[in-house]
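The first residue of the sequence shown is numbered 1, and numbering continues consecutively from there.
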Amino acid sequence: MEPPSRYFMEVFSHFIGDDLHKEKLKEFSSNSIEGKSEYHRYCVKEKRTALEVLSDFQPSGLWSLPLAFLIQLCGIQKPREFSISSSMAKNHNQLDLTMAVTEYETQLKR
């Protein structure tokens with residue numbers, strides 16, 4: 001999963017009550033060199049997810065960020081060609097994959 005965008009940080013900052021956290025989120029979303037560098041260090045380098053950012057900046061778990069905003073900000077999950085559907089806890093030497101074969105015609109008739 002990709003780290004949340006700088007736009008995510010900007011929007012999330014409007015729903016935070018703590019001024020210190022609000023300013024940090026605004027710094028992450030700013031166009032300044034320092035802001036971009038801090039965002040990269042905090043989010044990209046550490047591979048943080050949106051849930052981790054939400055937890056870091058609203059540790060009580062009581063987010064005032066409306067669900068509709070959260071869904072829109074997290075974006076569409078990228079499609080995968082397969083899913084690993086086995087469990088190492090149950091079968092140590094077995095790997096199960098789940099795949100689907102789909103056939104469809106695009107709008108360009110391909």
Worksheet entry | His14 NE2 to Lys22 NZ distance, which is reported to the nearest 0.5 Å | 8.0 Å
Fill in: Worked verdict on Asn31 versus Arg6 for side chain to side chain contact (heavy atoms under 4.5 Å, CB included)
CA-CA 9 Å; Asn31 285 325; Arg6 290 176 44 237; 3.0 Å; yes
Discussion item. To check you understand the geometry: which heavy-atom pair defines the closest contact between Pro4 and Thr49, and what is its length?
Written reply: CD-C, 3.8 Å
Worksheet entry | Cluster check Leu20, Leu25: I/L/V/M/F/W/Y, side chain < 4.5 angstrom | no
Worksheet, complete the sentence: In this structure, OH of Tyr42 is separated from CD of Glu52 (nearest 0.5 Å) by 8.0 Å
Worksheet item: How far does CZ of Phe28 sit from OG of Ser5, to the nearest 0.5 angstrom?
Response: 13.0 Å
Item to complete: Look up atom OG in Ser13 and atom CZ in Phe15, then write down how far apart they are to the nearest 0.5 Å.
Response: 9.0 Å
Practice prompt. Could you tell me whether a side-chain N or O of Ser30 sits under 3.5 Å from a main-chain N or O of Glu27, the two making a donor and an acceptor?
Written response: yes
Item to complete: Measure the spacing between CZ of Arg41 and CD of Glu46 and express it to the nearest 0.5 Å.
Response: 7.5 Å
Response to the item:
Distance col, row Phe57:CZ vs Ile16:CD1, nearest 0.5 angstrom, shows 8.0 Å
Worksheet entry | Cluster link Phe12 to Tyr7, ILVMFWY, side chain under 4.5 Å | yes
